[in-house]
Structures are given as structure tokens and as C-alpha cells.
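Okay, structure first, notes after.
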There are 2 protein chains.
Amino acid sequence: MTQHQPFRLTQDCGDCPIRHRAVCARCEPDELARLEEIKYYRTFEAGQTLIWAGDRMDFVASVVTGVATLTQTMEDGRTQMVGLLLPSDFVGRPGRERAPYNVIAATDVLMCCFRRKPFEELMRLTPHISQRLLEMTLDELDAAREWMLLLGRKTAREKIASLIAIVARRDQALRLRAPSGRTVIDLPLTREAMADYLGLTLETVSRQISALKRDGVIELQGMRSIVIPDFRALQDEAGDDADGGFLA
Amino acid sequence: MTQHQPFRLTQDCGDCPIRHRAVCARCEPDELARLEEIKYYRTFEAGQTLIWAGDRMDFVASVVTGVATLTQTMEDGRTQMVGLLLPSDFVGRPGRERAPYNVIAATDVLMCCFRRKPFEELMRLTPHISQRLLEMTLDELDAAREWMLLLGRKTAREKIASLIAIVARRDQALRLRAPSGRTVIDLPLTREAMADYLGLTLETVSRQISALKRDGVIELQGMRSIVIPDFRALQDEAGDDADGGFLA
DNA sequence: TGCCGGCCTTGATCTGCGTCAAGGCGACGG
DNA sequence: CCGTCGCCTTGACGCAGATCAAGGCCGGCA
């Protein structure tokens, strides 16, 4: 809907907002033109549910700005976050009618959407799009498995440290800074959302953040901004071996 | 290496052992012939580590018979299973040199392998192979996310029930039986392996299995065989809503 | 300016699961 | 036939994190 403006996105997106890593990294001009035709923008407010699990999804999309979460819920209300969507992440899947998870905006979100049917058509015509999508999906799968180790085997303190480290790495990957030295990240999640990410309660999250602050591993600026004086120290707390992730 | 023998595999594999769902579902005869050239079989014994995390992987493969697991380990020995490979499952990824996880044979395993480089080449030439692989990877991602809900939010009892239900569903999908009524499944995992799957200890696994048996939800035949008198009851214990999974 | 609502922190207590420890069962080899 | 070894079960106890409860901070709004 919105006309496309010249904002920067991520390194490999260049100036055109649809050049996000999801789809266009290797597109030819005519392919980009075709994508252009089926693309539109949507904005969502913080807290809004973009998509309910089970709903029809007639588009695929990628996040331009903001943060959204994928969550699953049990009948009794227990909920678990199963994906964290940061700028340049892709959501939705070609070939599937219905959304398997709730997608919820954690902050105000701008999405770049493509109508699903024509997108699928385009995929058939341009194999490198599905190859790119395969690579991305494999990366997501790796991230999900890293996360499974976190959920199954890490202590509360390690979980918090891991979450901060993961977001910091992603953040830095986007800005192409090295993940060392003093770092400031923006963590736009409520304590409850973090708890849902980590399989904890919000009280435990709060306590462990306080503990990490007390121990000098992190510092807080306001409510949502975290300073990491020493990234190595944080990684040690996270219990990750070596570089601890495949997100670069 | 081995010459290809006429054993049955799974429904969609037909009689040719390389027609597993991973690669060949839509292959033309000439494509099959090319696959045939780069394919070989390997067997592994129960307990053997097929691949160490970080090792070079010069093949991709799919499981013909037996069960294998993907596991991650922390330096201090805590381990978490992140994938369960049953017959027809695919392992390895085109485009990545090194294996991200340990792959361990839970039972004796027969794998159908393809040399990686020529396989990648073949993928470039036949787009439907990468499309098929994308579908499979998306399914795996869904399964991983289901599993994250299990790890993060379910109780020990629910975890055990879920594991049994998942394996039963997979088992039945392969044999195309309906998942209702009295069912017998073979669960070829030690208590310790189950614990690593579920983020528990082996003692807790043992206790919860005993409890489910005491409560009539399951019955045991020998050590590794489980009878499910009422699948609905099991699903209720697992805390899954409705059909509780995307594995059909 | 003061009230209200959302979000966060902290304390007290409870409990599910982990930890430690002892022993049982079945397979296999001598 | 018995000893050994791998795997499983069961019990006693402790603790990390959940639960319940009270109150603090801050921004929006009348």
C-alpha cells in the first residue's frame, strides 16, 4: 500500500526496502519488478496480534522494522514463544494455507508483505528464491535447536544471559559491528515475553536480571536498554561453548 | 557400496530403496539414474556415533531402517536431543561443510547416503528437489517448535505422554493406520535417551512411565514396547489440543 | 497536581523435579 | 549354573524455580 521510501534496512538490502535478505539477495531486475507488483506494506501496533494460529494466511512477509514474536498456547493458557522475528526475518510459508502460530507485535512493526499465491508462482519460476528460502529455513531450524538446548538444559541465569547474548549478536550482525567490548542493546520485550521465550515465570526473569546486574554482568539503562560491559563475560554466563551460535 | 536390494521401506518409497520421501517423490527416470550413481549404503551399530558435531560431512543421507538421534552437548556434559531420526527422515544439509550436531545411532541403522557435492549439483539442475527439501525442512521446523512448547511448558508427565504420542503418530503415519484404538509401538530409546529428549533426568522418566502404567494410560511389553489402550486418553495426558501435531 | 493502570521488583513459602543411593531384572559369557 | 554388566526402578532428601502476595516506579490523563 505505502509507497516505497528510501530507508536503510540491513546491509544486504541496499536502499530498496524489498531487497530484504529473505527474497531478493540474488534477484535480477525483472524479477524484482515482478516482486514489486505483488508487494505491499502493513503496519501493526505494539501488542497487536498480526495473525492468530489457525487463521488463513494469504501473504508471506518479512519484518522491516520492529519486533514480533511467534507463540504457541495450550488450552489452559500456558504459552511458549517459538520464534523471535527481528528486522529482515521472514514469516509465513509458501504452500501452507493456515498459520501454525500466533504472531504478535512486541513493538510497532512494519511488515513488507507479498500476496501468497503470486509469490508461490514466482517461486516456481525462479528457483533461486526457493533455494534462498531453504537456506533461511535451515538457519531457523538451527536457531530453534539451539533454543531447545536452552529450554531443556540451562538454568534460569544461563537462560537470561543467553537471551541477551542472542539478541546482541543479531543486533550486531545487522550493524556489522564486532561482538566485543562495551555494547548497548535494545531489548523490546516485557518481562512476561522474556519469560515466555525462556520457559520461566516473569518473577524469575526479574530476579535473574537483578542478579546479573548486581554481579556486574549487565547494566540497565531505563527499562528496556541493556549495557553489556564485557561480551565474553556474558557468553560465559550463557554457558555457550566458543562462539555459541550460528547466527552470524 | 552395497547393491540395491528390493526391501520395502515406507509407503511413498515404493520398492526402490532410494525412493524415500526426501528426494525422489517427483523424480523422473533419468534423475533417478543420476541419483543412483552417487548413492551408497552404510550401516551403523546401536550406540555408534555416526557424526561428531564439527566434523566435515561429505554426504547427505536418509534413514532407511533404525533410529538415530541428533544431540547437542554443553562442555560440562549436559546434553539435549534436538532431533529424532526415524525411517525416511533426512539428515545433513546441502551447502554446509560441517555437521552442527552429534548424530548417534539409537538402534542399528541403515542409511542411504549421497555424496554431497554431486548432490548439490543435482539440486541445482532439478529445482523440485530443493523445493521438496524446503517442504521437509519446514515440517522439521514445525516439529522443533512443537518440541519447544514441550520443553518450556509441559510437566514431566505431559512430556512422557507427548513423546509416546509423537512416536506413535509417526509410526502410524508410516503404516497408514488410523491413530485410534489399541496400539502397540516400539520405542527404541533408553531411559537416558528419553530424558535427553525431554529435558529430564532418567530417574524422572522412569518414575513417570511407572505412574502412567499404574494409571492405565499405557502398558509395557518387555522393556521397549508400549501398548496404548486408548490413544485419546494418551493425548489428553500430553496436553495437546486437538490433533496436537503437524506430523501426519 | 494527583490518580490510575501497566509493568517491574522483592519477599515468603511451596513443590516438582533433580540428586544421591540402594537394589532388581534380564542377557550374556564362562 | 552363577557372576557380571547394562539398564531400569524405587526411595529419601534437597533445591531451583513456581506461586502467592505486597508494594514501587513511571507515564498518561483528568
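Residue numbers start from 1 in every chain, and the chains themselves are labelled A, B, ... in the order their sequence lines are given, proteins ahead of strands.
Within the structure, salt bridge (Lys or Arg N to Asp or Glu O under 4.0 Å) contacts touching residues 148-165 of chain B (residues at least two apart or in different chains) are A:Arg78-B:Glu158, A:Asp196-B:Arg153, B:Lys154-B:Asp240, B:Arg157-B:Asp215, B:Arg157-B:Glu237.
Checking A:Met194 against B:Val205, the closest nucleotide of DNA chain C that is more toward the 5' end is the one next to A:Met194.
Between the A:Asp108 side chain and the A:Glu45 main chain, no donor and acceptor come within less than 3.5 Å of each other. Remark: side-chain polar atoms of B:Thr107 are paired, donor with acceptor, to backbone N or O of B:Val67 under 3.5 angstrom.
Considering only side-chain atoms of B:Met223, the nucleotide from C:dT10, D:dG17, D:dT9 that sits closest is D:dT9. If you check D:dA18, C:dC8, D:dC8 against the side chain of B:Thr190, the one that comes closest is D:dC8. Distances were taken from every side-chain heavy atom of A:Glu203 (C-beta onward) to each of C:dT9, D:dC20, D:dT9; the shortest belongs to D:dC20. For A:Leu200, counting side-chain heavy atoms from C-beta on, the closest listed nucleotide (D:dT10, D:dG17, C:dG11) is D:dG17. Taking every side-chain heavy atom of B:Arg191 into account, D:dT9 is the closest of C:dC7, D:dT9, D:dT19. Of all nucleotides listed (D:dA18, C:dC8, C:dT19), C:dC8 comes nearest to the side chain of A:Ser206.
Ion pairing between B:Asp142 and A:Arg93 holds under the 4.0 Å rule for side-chain N and carboxylate O.
Contact check of residues 153-165 of chain A against DNA chain C (heavy atom, cut-off under 4.0 Å) returns no residues at all.
Ring planes of A:Trp147 and A:Tyr197: parallel class, angle under 30° (limits at 30 and 60°).
Surrounding CD of A:Glu192 are at most 12 heavy atoms belonging to other residues, nucleotides or ligands under 6.0 Å away.
Scanning DNA chain C for stems, defined as runs of 3 or more consecutive Watson-Crick or G-U wobble pairs whose donor-acceptor distances all fall under 3.5 Å, gives the following ranges: C:1-30 with D:1-30.
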